[in-house]
Amino acid sequence: MHAGFSGISEQMAQLATVPGLDAKAGTSAHEQALSKLEAYVEEIDAALARRKSNGMLRRAIKAFRRHDIARAAQLALSATEADDTNAQAFHLLGLMLEKMGHLHKALVTYERANALDPNDPELLLNLGLTAWNQGLAAGAEKMFRLYIQAKPESPLGYNNLGSVQSDLGQPDTAIETLRAAIYRMPQEGILWNSLATVLAEEGRVEESLVFYEEAVRLEPTLPRPYHNLGYAFSHLGRLEEALAAYDKALLCDQTEGERRESRHSRSVCLMGMGRLEEGFREYEIRNDERFRAYTHHMTNARLWNGEPLAGKRILMVGEQGLGDEFMFANILPDIANAVGDSGQMLIAVDPRLVSLFQRSFPKARVGAYDDRKLLDPDGVKELRLMPWAAEGGEADFYAPMGTALQFYRKRIEDFPGDAFLIPDPDRVAAYRKQLESLGDGPFIGVCWRSMMLQAKRAKYYSPLDAWQPILSIPGATFVSVQYGDCAEELARVNAQQGVTIHTIEGLDLKNDIDGAAALSAALDLVISAPTAAAATAASVGTDVWFLTAGRTWPQLGTDHYPWYRKTQVMSPQAFGNWSELMPRVAFELAHFVAENMPEQVA
């Protein structure tokens with residue numbers, strides 16, 4: 001045994017001296033084998049991880065189809081944790097984050113998915129949509145162009161590209177993008193619908209009808225073109241046709257979200273037609289917890305549904321938007337009478353309105369609401385907090401102010417036509433004295449636009465430059481009630497037209513609403529776009545002329561705003577044709593000035 005072993009050792013020693021034989025060669029071979037085995041094991045592990053991840057992904061998709069967004073998001077996250085190379089898991093997680101309103105996180109997640117699978121064009125589409133929703137329109141445009149390169153036969157890329165170009169303030173480019181796509185794919189109703197929408201958003205509403213109607217012809221079972229057609233008809237004041245279009249949208253196969261949107265638009269149309277009882281009742285869709293613009297009121301009180309209020313405590317809550325908050329406050333005197341001396345009305349309003357409303361309703365308790373965000377399975381919702389209202393016990397009922405309309409305003413005749421807010425009398429007197437130092441009067445307040453003047457909203461408001469016929473009427477002293485920064489516009493009008501629109505030094509018209517109300521009460525007339533400034537003035541009883549681009553639903557089928565004491569609505573014959581409207585307004589103003597000139601002392 002020993003000898004044999006010795007022989008083997010010698011042979012090994014001889015091998016070790018063979019020229020050219022590298023002693024490390026054996027070690028290298030072993031490493032290669034180990035690397036292959038390791039790779040194989042990793043491949044097995046990766047396959048198992050992918051299998052586990054895909055299982056969770058399937059469960060996430062099922063949860064999503066059940067509309068359980070929160071659960072779907074949890075499962076999608078677990079799928080990414082099980083396999084951090086699973087692009088589809090990141091894709092679904094991005095979709096869920098987007099659905100829940102976490103747009104930045106969704107964008108980052110989509111980018112991760114795209115890095116893992118750059119050949120998935122649907123990711124480009126979702127990346128673009130999420131970037132767009134975050135206000136990153138330029139980045140969205142780039143994603144949509146890449147999608148078009150990957151799928152030139154799909155109408156979705158052209159549809160989104162044209163829409164985002166319109167959002168970027170490039171309507172002519174958007175129209176050409178969509179028009180070219182229609183030439184290539186004339187059978188795609190989605191493209192006709194989008195082209196019509198761009199035209200409508202540019203104020204070319206009459207022209208948009210042809211394209212909406214073609215979209216309806218091509219896609220007669222899709223609800224969106226009918227809905228948009230109704231929107232266009234509404235802007236043109238053709239409310240019967242608008243209502244018919246909304247009814248057709250509701251007959252189509254819609255998602256629950258689309259159905260709520262159609263019902264909401266239909267309710268607004270009914271109100272605009274003067275069908276108040278039905279319209280105000282249907283308008284309650286806004287209080288559906290799944291509605292896009294739903295506000296969750298943080299109170300344990302029951303939602304009021306018309307029950308008797310004598311001796312009860314009811315919390316009345318302002319609606320979304322300062323203009324609607326004023327307008328719907330028309331109902332508060334009725335509620336105060338209904339609760340009587342033995343009951344109590346609590347009023348929750350924008351913090352800027354507390355002093356004005358408390359003065360107007362001295363027996364009520366008025367406080368501010370505090371708006372926050374709520375994340376639920378349907379996405380991000382608005383929370384409205386009013387902790388002060390529960391002091392001393394919860395109210396018996398609560399109601400958004402507009403909810404009371406269905407019970408108290410069933411006909412136009414039910415509107416009392418009175419001022420319902422009381423400005424500070426001392427400030428009114430002080431402002432009147434200040435106005436009289438500017439000129440002889442009459443004193444005319446002017447407001448020409450909203451503060452939020454994005455491209456899509458601009459068509460509803462006339463530029464101040466278009467007011468030249470009005471501002472040229474002799475004998476009137478013009479005063480700005482335009483809130484927000486407008487110094488540049490005022491200076492331009494003064495330089496170009498030689499007209500002075502006075503401002504009240506030290507008065508913040510945006511934040512000091514009590515002061516704005518007092519100034520409005522000191523004026524003889526306010527001429528305004530349909531803004532919060534107009535609503536403020538009208539609520540305290542000042543004469544207000546609303547200048548609108550077309551027929552508006554708050555007219556409730558009349559030629560004025562029935563909510564207030566004395567108003568007129570003046571609109572152009574064609575939607576947004578300000579050059580036709582302004583001379584007519586100037587003519588009316590000349591008569592007003594002549595009738596309201598102060599008497600000259602002999």
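All figures in this text were calculated on a predicted structure; none of them were measured in a lab.
- Counting only heavy atoms from C-beta outward, the side chains of Phe233 and Leu209 approach each other to under 4.5 Å.
- Remark: Arg266 engages Asp247, Glu278 in a salt bridge (charged side-chain N to carboxylate O under 4.0 Å, His left out) (not counting sequence neighbours).
- Nearest heavy atoms, Ala537 versus Val526: CB-CG2, 3.8 Å.
- Ion pairing of Arg352 with Asp514 is absent here, as no side-chain N (NZ or NE/NH1/NH2) approaches a carboxylate O to less than 4.0 Å.
- Without hydrogens or angle criteria, Asp524 side chain to Phe443 main chain gives a donor-acceptor distance under 3.5 Å.
- The line from CD1 of Ile347 to CZ of Phe361 is 5.5 Å long, rounded to the nearest 0.5 Å.
- Taking CG of Leu519 as the start and CD1 of Ile513 as the end, the distance is 11.5 Å to the nearest 0.5 Å.
- Between Phe592 and Pro442, the closest heavy-atom pair is CE2-CB, 4.3 Å.
- Taking the ring centre of Tyr461 as origin, the terminal cationic atom of Arg449 falls outside the region bounded by 6.0 Å and 45° from the ring axis.
- Side chain of Ser520 to backbone of Thr536: no donor-acceptor contact under 3.5 angstrom is found.
- Between the Ser360 side chain and the Ile422 main chain, a donor and an acceptor come within less than 3.5 Å of each other.
- The backbone N or O of Ser262 sits nowhere less than 3.5 Å from a side-chain atom of Ser265 that would complete a donor-acceptor pair.
- You'll find the side chain of Leu556 reaches within 4.5 Å of the side chain of Met271, heavy atoms only.
- Using a cut-off of 4.0 Å between Lys/Arg side-chain N and Asp/Glu carboxylate O, Glu282 and Arg275 are scored as not salt-bridged.
- For Trp448 against Val446, the heavy-atom pair with the smallest separation is CZ3-O, 4.1 Å.
- Heavy-atom minimum distance, Leu303 versus Pro400: CD1-CD, 3.9 Å.
- The closest donor-acceptor contact from the side chain of Asn337 to the backbone of Asp334 lies at 3.5 Å or more, if one exists at all.
- Judged purely by atom type and a 3.5 angstrom limit, Trp563 has no side-chain atom pairing as donor or acceptor with the backbone of Asn330.
- To the nearest 0.5 Å, atom CD of residue Gln358 and atom CG of residue Leu353 are 12.5 Å apart.
- How far CE of Met298 is from CG of Asp371: 12.0 Å, rounded to the nearest 0.5 Å.
- The main-chain N or O of Pro469 is never found under 3.5 Å from a side-chain atom of Ser472 such that the two would form a donor-acceptor pair.
- Of the possible polar contacts, none joining the Gln497 side chain to the Leu471 backbone as a donor-acceptor pair under 3.5 Å is found.
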Under the side-chain contact (heavy atoms from CB on, under 4.5 Å) criterion, do Trp304 and Ile335 qualify, and how do the steps go?
CA-CA 12 Å; Trp304 182 56; Ile335 302 299; 4.2 Å; yes
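- Between Asp543 and Lys566, at least one side-chain N (NZ, or NE/NH1/NH2) sits under 4.0 Å from a carboxylate O, which counts as a salt bridge.
- Between Lys433 and Glu436 no salt bridge is recorded (no basic side-chain N to carboxylate O distance below 4.0 Å).
- In this structure, CG in Leu322 is found 5.5 Å from CG in Asp350, a value given to the nearest 0.5 Å.
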Residues Arg204, Glu206; criterion salt bridge (Lys or Arg N to Asp or Glu O under 4.0 Å); working and verdict
CA-CA 6 Å; Arg204 297 161 63 177; Glu206 188 80 45; over 6 Å; no
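- In summary, the aromatic rings of Tyr231 and His235 are positioned with their centroids under 6.0 Å apart.
- Between Asp418 and Arg565 no salt bridge is recorded (no basic side-chain N to carboxylate O distance below 4.0 Å).
- Residue Glu413 places its CD atom among more than 12 non-hydrogen atoms of other residues, nucleotides or ligands, all under 6.0 Å distant.
- Here the straight-line distance linking atom NE2 of His560 with atom CD1 of Ile412 works out to 6.5 Å at 0.5 Å rounding.
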